[in-house]
K.L.:
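Once you've had a glance at the structure underneath, I'll fire off some questions.
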Amino acid sequence: MQKLRKLPRSFYDRDTIEVAHDILGKYLIHQDNGIERIGRIVEVEAYLGPHDLAAHASKGLTPRTKVMFGPPGHAYIYLIYGMYYCLNVVTQEEGHASAILLRALEPIQNTEGKTQGPGLLCKAMHIDKTLYGEDLLGDTLYLTYPKSAHSKDKTAIVIVSRPRVGVDYAGEEWAKKLLRFYIKDNPYVSKK
DNA sequence: CTCGGGATGCGT
DNA sequence: CGCATCCCGAGG
């Protein structure tokens with residue numbers, strides 16, 4: 001596989017909704033004990049800090065949410081329903097506590113099983129709680145610009161905005177906001 | 001310490 | 001719609 005260029009810290013240190021748009025089409029890479037696993041990001045959701053009642057950060061700074069209150073470009077990983085891990089990337093400046101949930105990937109290399117849905121994505125990429133807080137500018141878990149073949153396609157990407165999935169508990173105001181973004185017509189988007 | 005519920009996925 | 005399965009956060 002050709003050399004892929006890592007996303008810089010400055011990519012994550014921006015408005016969360018802007019990052020959520022720009023992250024579509026980028027590559028997620030896990031260097032998993034000598035096995036390079038790669039997926040192309042096709043679906044995400046934005047969580048906008050402590051005032052967003054659907055966000056875990058609305059619980060405040062706890063042992064679980066700690067990394068979201070830290071600097072951008074780190075991995076926020078949590079266990080959901082006792083059986084699936086979910087991966088987020090922390091955005092904006094330290095203390096802002098916003099993040100983007102990665103919901104679906106298009107398989108590129110060495111993914112194991114289905115990649116549509118946040119839980120399956122982590123399972124396929126072998127991502128678990130041991131990577132909690134991982135610096136995405138390190139050499140284990142990181143994001144890159146796509147290879148040239150897909151870069152050309154970037155101009156053709158159309159982004160669809162929808163309400164987030166499974167956040168009705170947050171109340172109508174936050175549940176109805178269009179903070180789920182995915183690549184139009186991509187077959188790997190979840191819940192088609 | 002107990003207890004309730006969850007940013008899911010799958011089968012019915 | 002039910003359920004698997006367990007961590008986390010709230011409250012006593």
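Note on naming: letters A, B, ... go to the chains in the order of the sequence lines (proteins, then strands), and numbering restarts at 1 for each one.
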K.L.:
Does a side chain donor of either A:Asn186 or A:Glu106 reach within less than 3.5 Å of an acceptor in the other side chain?
P.N.:
yes
K.L.:
Quick one: do A:Tyr12 and A:Gln92 satisfy side-chain hydrogen bond (donor to acceptor under 3.5 Å, both in side chains)? Show the steps, please.
P.N.:
CA-CA 6 Å; A:Tyr12 304 99; A:Gln92 304 198 220; over 6 Å; no
K.L.:
Is the positively charged end of A:Arg14 above the ring of A:Phe11, judged by distance under 6.0 angstrom from the centroid and angle within 45° of the axis?
P.N.:
yes
K.L.:
Here's a test of your reading of the structure: between A:Lys129 and A:Tyr81, which maps to the more 5' nucleotide of DNA chain C?
P.N.:
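Taking each residue's closest nucleotide, the earlier one in sequence belongs to A:Tyr81.
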K.L.:
Would you mind listing every side-chain hydrogen bond (donor to acceptor under 3.5 Å, both in side chains) that reaches into residues 62-73 of chain A, with sequence neighbours excluded?
P.N.:
A:Thr62-A:Thr65
K.L.:
Need one value for A:Leu101: base, sugar-phosphate or nothing, where a base atom within 4.0 Å counts as base even if backbone is also close, heavy atoms only.
P.N.:
base
K.L.:
Please identify each residue that fulfils side-chain contact (heavy atoms from CB on, under 4.5 Å) with A:Asp13, with sequence neighbours left out.
P.N.:
A:Pro72, A:Glu93
K.L.:
Distance-only criterion, 3.5 Å: show the donor-acceptor pairs between side-chain atoms of residues 52-59 of chain A and protein atoms not counting sequence neighbours.
P.N.:
unit_1, atom_1, unit_2, atom_2, d
A:Asp52, OD1, A:Ala54, N, 3.0
A:Asp52, OD1, A:Arg164, NH2, 3.2
A:Asp52, OD2, A:Leu48, N, 2.9
A:Asp52, OD2, A:Arg164, NH1, 2.7
A:His56, ND1, A:Tyr76, OH, 2.7
A:Ser58, OG, A:Ala55, O, 2.7

K.L.:
For A:Arg64, which contact category applies under a 4.0 Å heavy-atom criterion: base, sugar-phosphate, or nothing?
P.N.:
sugar-phosphate
K.L.:
Less than 5.5 Å between centroids and less than 30° between ring planes, does A:Tyr169 satisfy that with B:dG5?
P.N.:
no
K.L.:
Under 4.0 Å from any heavy atom of chain A: name the first and the last nucleotide of DNA chain C that qualifies, 5' to 3'.
P.N.:
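Answer, 5' to 3': C:dA4 to C:dG9.
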K.L.:
Strictly by ring-ring contact (aromatic ring centres under 6.0 Å, His included), give each pair with a member in residues 159-178 of chain A just once, sequence neighbours left out.
P.N.:
A:His51-A:Trp174
K.L.:
Please evaluate residues A:Thr16 and A:Thr91 with respect to the criterion side-chain hydrogen bond (donor to acceptor under 3.5 Å, both in side chains), reporting the C-alpha separation (whole Å), side-chain torsions for both, the decisive distance (0.1 Å), and the verdict.
P.N.:
CA-CA 6 Å; A:Thr16 302; A:Thr91 56; 2.8 Å; yes
K.L.:
Quick one: side-chain contact (heavy atoms from CB on, under 4.5 Å) partners of A:Leu131, sequence neighbours excluded?
P.N.:
A:His30, A:Ile77, A:Ile127, A:Glu134, A:Thr140, A:Leu141
K.L.:
Take atom CD1 of A:Ile80 and atom C1' of B:dG5, then tell me their distance rounded to the nearest Å.
P.N.:
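So the two atoms are 9 Å apart, to the nearest Å.
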K.L.:
Dump every N/O contact between nucleotides 9-12 of chain B and the protein below 3.5 Å, one line per pair.
P.N.:
unit_1, atom_1, unit_2, atom_2, d
B:dG9, OP1, A:Gly117, O, 3.3
B:dG9, OP1, A:Pro118, N, 3.1
B:dG9, OP1, A:Gly119, N, 2.9
B:dG9, OP1, A:Leu120, N, 3.3
B:dG9, O4', A:Tyr84, OH, 3.4

K.L.:
Which whole-number value in Å describes the distance from A:Trp174 CH2 to B:dA7 P?
P.N.:
15 Å
K.L.:
In dot-bracket form, 5' to 3', how is DNA chain C paired? Count Watson-Crick and G-U wobble pairs only if both distances fall under 3.5 Å, and write | where the partner sits on another strand.
P.N.:
||||.||||||.
K.L.:
Expressed as a whole number of angstroms, how long is the span from A:Leu102:CG to B:dT8:P?
P.N.:
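Going from A:Leu102 (CG) to B:dT8 (P), I get 14 Å.
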K.L.:
Please say whether the positively charged group of A:Arg5, taken as NZ for Lys or CZ for Arg, lies over the ring of A:Tyr145, i.e. under 6.0 angstrom from the six-membered ring centre and within 45 degrees of the axis.
P.N.:
yes
K.L.:
Can you list everything that forms a side-chain contact (heavy atoms from CB on, under 4.5 Å) with A:Lys176? Sequence neighbours excluded, please.
P.N.:
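Residues passing side-chain contact (heavy atoms from CB on, under 4.5 Å) with A:Lys176: A:Glu172.
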K.L.:
Give me each pair satisfying salt bridge (Lys or Arg N to Asp or Glu O under 4.0 Å) with a member in residues 118-131 of chain A, each pair once, sequence neighbours excluded.
P.N.:
none
K.L.:
Scan residues 52-63 of chain A against DNA chain B and write down, sorted by residue number, each residue with any heavy atom closer than 4.0 Å; if none is found, say none.
P.N.:
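A:Ala54, A:His56, in order of number.
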K.L.:
Excluding sequence neighbours, so at least two apart, what forms side-chain contact (heavy atoms from CB on, under 4.5 Å) with A:Pro163?
P.N.:
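Listed in chain order: A:Leu178.
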